[in-house]
Amino acid sequence: MSGTPSAIPGRYSVDAAVKPLLEASMSRGEQIASVLRIGLCSLSGARSALLWSQAGWPVNEQRAAAVTFPALALGIAFSAYALVTLRRPRSPLRLVHASVTVDAVVAFAGLLTNVLWPWPGYLGIINMPDIGLLVLLALGAGLRQAPSASVLGGVLFGSAFLALALLDQRNPIPRSTSDMHHYAFHAIFLVISATMAFVYALRTRTMAERAARAAVQLAFAGKSLASLLHEHHDLRAWLASARLNADLVQRAMEEAGSRSAPAVEAVERLRDDLAKVHAVVDDIKARAFGESMGLEKVSPVAVQPVVEEVMAGLRPRFPGSALQAQVADDLMVGVAGGAASLQRVLFGLLVNACEGDGERRAGQIGVRACRQAANRVRIEVRDDGPGFPAQMLDESLVRGRTSKKEGSGLGLSLAARLVEASGGQLSWANGSEGGARVVVDLPAA
């Protein structure tokens with residue numbers, strides 16, 4: 001053959017292809033976190049500057065600003081660095097861990113100023129709503145789709161909460177027994193948030209890995225099917241050569257006057273076997289083509305141009321058949337493989353209608369397409385030919401079922417596979433006044 005079939009991918013080749021997809025998914029999570037960090041740091045800095053300017057920038061506020069603003073600037077600068085760096089393909093895990101660490105540093109620095117330089121009326125860090133930021137950031141650590149990052153975030157934010165609580169005990173402020181309950185509640189919430197972040201990161205990581213693995217295996221399957229279709233031509237040529245050689249052997253025997261019954265029977269069996277192999281090869285091609293088109297993305301296709309193009313190509317081939325179409329201008333359908341798939345489906349159905357059973361052909365063939373519902377389109381092909389034989393109406397379509405004596409039974413089955421791959425359905429029946437009737441139901445685009 002002209003080429004060698006693509007090797008079936010092993011575990012390691014699939015894993016190597018899945019890894020970049022998982023890293024890309026992790027990078028998107030970090031990009032979202034970086035954008036949120038820029039917005040949060042900017043709003044927090046504007047809020048602090050407004051409050052401290054209204055207070056006249058006393059000494060404690062100046063000290064707090066010397067710690068808060070550099071920390072917020074660090075958060076914004078790191079976010080910008082992350083957004084730029086993640087545009088280039090690289091492993092983002094270290095960057096994700098650094099990002100969670102920066103979140104912890106910025107949050108701790110912003111809350112620490114309240115503990116070190118409390119203002120008049122300060123009631124303790126546990127009674128400030130800002131302490132809830134640690135819980136939110138612990139949850140946000142799960143956005144990166146990295147379980148290790150969520151664990152790191154739980155440890156860092158838990159440590160920050162513990163350090164703030166211990167430092168706050170040094171401030172001479174009135175305390176009550178309810179404060180201990182508040183500390184316990186916040187600690188519980190922080191543990192729950194870190195656990196939820198870990199579960200979320202683990203679950204989304206697993207889902208992303210499954211989706212990536214399925215996508216890679218689908219790509220490998222598509223390549224294998226494409227290779228099979230490419231090599232089909234060579235195999236058909238070999239089979240045609242073998243059948244020709246069988247015919248030549250039979251002719252040579254006849255010219256030599258050899259009428260040995262066993263030899264003649266052997267040649268006949270050989271020709272029949274080659275014909276069966278040829279039919280099987282055609283069936284494999286049809287199945288491979290149908291599956292390969294089914295792997296393609298469902299794309300919107302305008303029905304009218306495809307119908308007109310198919311009919312224009314068939315009219316010179318079947319001058320005795322009148323082809324007519326009634327198709328609305330605005331009909332759009334979703335088809336796996338795009339216009340090429342819809343063209344192949346309609347081509348096969350119209351050729352079948354024109355050829356009939358091989359002895360009697362259809363004289364009138366019509367294609368009618370209309371919107372069946374808000375999200376469905378119905379394409380109907382009718383003819384006045386001999387119609388389908390009874391066995392094709394009573395049983396499900398299988399390989400070898402055909403309405404023509406010399407047919408392979410692949411045209412209608414291939415059309416059915418392409419339609420089903422697009423989320424539609426194909427049905428066939430004999431018309432009430434004779435002839436065949438095939439209905440293609442497709443989702444509207």
| request: Any chance you could measure Thr85, atom OG1, to Arg94, atom CZ, to the nearest 0.5 Å? | output: 14.0 Å

| request: Output, in order, the C-alpha distance, side-chain angles, deciding distance and verdict of side chain to side chain contact (heavy atoms under 4.5 Å, CB included) for Val135 and Phe161. | output: CA-CA 10 Å; Val135 176; Phe161 176 78; over 6 Å; no

| request: May I ask you to decide if the ring planes of Phe78 and Tyr81 are parallel, tilted or perpendicular, using 30° and 60° as cut-offs? | output: tilted

| Considering all heavy atoms of both residues, which atom of Val367 and which atom of Val327 are nearest to each other, and what is their separation? | O-CG2, 4.5 Å

| task | Compare every heavy atom of Ser299 with every heavy atom of Gly338, then report the nearest pair and how far apart it is. | result | CA-CB, 4.1 Å

| said: I'd like to know if the side chain of Asp441 reaches the main chain of Gln425, judged simply by a donor and an acceptor atom lying under 3.5 Å from each other, with no hydrogens or angles considered. | reply: no

| request: Spell out, as yes or no, whether a donor-acceptor pair under 3.5 Å connects the side chain of Ser48 to the backbone of Gly45. | output: no

| remark: Tightest non-hydrogen contact, residues Leu156 and Ala104, listed as CB-CB, 3.7 Å

| task | Decide yes or no on side chain to side chain contact (heavy atoms under 4.5 Å, CB included) for Leu164 and Ile131, but give the supporting numbers first. | result | CA-CA 10 Å; Leu164 290 171; Ile131 195 67; 4.3 Å; yes

| query | How far apart are the closest heavy atoms of Pro443 and Ser422, and which atoms are they? | reply | CG-O, 3.3 Å

| said: If the condition is salt bridge (Lys or Arg N to Asp or Glu O under 4.0 Å), which residues does Arg205 pass it with, not counting sequence neighbours? | reply: none

| Is any side-chain heavy atom of Leu442 closer than 4.5 Å to a side-chain heavy atom of Val301? | no

| query | Is any side-chain heavy atom of Glu420 less than 4.5 Å from a side-chain heavy atom of Leu426? | reply | no

| message | Could you work out, with side chain to side chain donor-acceptor pair (under 3.5 Å) as the rule, every residue matching Gln343, not counting sequence neighbours? | response | Glu309

| Minimum heavy-atom distance between Ala80 and Ile38, given as atom pair plus value | N-CD1, 4.4 Å

| said: Please evaluate residues Val438 and Asn352 with respect to the criterion side chain to side chain contact (heavy atoms under 4.5 Å, CB included), reporting the C-alpha separation (whole Å), side-chain torsions for both, the decisive distance (0.1 Å), and the verdict. | reply: CA-CA 11 Å; Val438 181; Asn352 283 345; over 6 Å; no

| Pairwise side-chain contact, Leu346 with Ile379, heavy-atom cut-off 4.5 Å (strictly under) | yes

| Should Arg37 and Ser99 count as side-chain neighbours, where that means a heavy-atom distance under 4.5 Å? | yes

| field | Leu139 CG to Leu190 CG distance, which is reported to the nearest 0.5 Å | value | 9.0 Å

| task | Determine which pairs satisfy salt bridge (Lys or Arg N to Asp or Glu O under 4.0 Å) with at least one residue from residues 136-149, sequence neighbours left out, and list them in order. | result | Glu30-Arg144, Asp103-Arg144

| note | Between the OG atom in Ser27 and the CD1 atom in Ile32, the distance rounded to the nearest 0.5 Å is 11.0 Å

| request: Using a 4.5 Å cut-off on heavy atoms from C-beta on, say whether the side chain of Leu331 contacts that of Arg371. | output: yes

| Inter-residue atom distance Gln364.CD - Leu323.CG, 0.5 Å rounding | 9.0 Å

| task | Measure the shortest side-chain to side-chain distance between Met128 and Ile125 over non-hydrogen atoms and say whether it is less than 4.5 angstrom. | result | yes

| said: Using 0.5 Å steps for rounding, measure from the CG atom of Leu418 to the OG atom of Ser341. | reply: 5.0 Å

| query | Mind checking whether Val351 and Arg317 have side chains closer than 4.5 Å, heavy atoms only? | reply | yes

| Just wondering, are more than 12 heavy atoms of other shown residues or ligands nearer than 6.0 Å to CZ in Arg315? | yes

| said: Within this structure, what is the CZ-CE distance for the pair Arg203 and Met196, rounded to the nearest 0.5 Å? | reply: 15.0 Å

| What is the minimum heavy-atom distance between Ala107 and Leu134, and which atoms define it? | CB-CD2, 4.0 Å

| query | Would one find more than 12 heavy atoms of other residues, nucleotides or ligands at under 6.0 Å from atom CZ of Arg368? | reply | no

| request: Report, as yes or no, whether the 6.0 Å neighbourhood of atom CZ on Phe189 holds more than 12 heavy atoms from other residues, nucleotides or ligands. | output: no

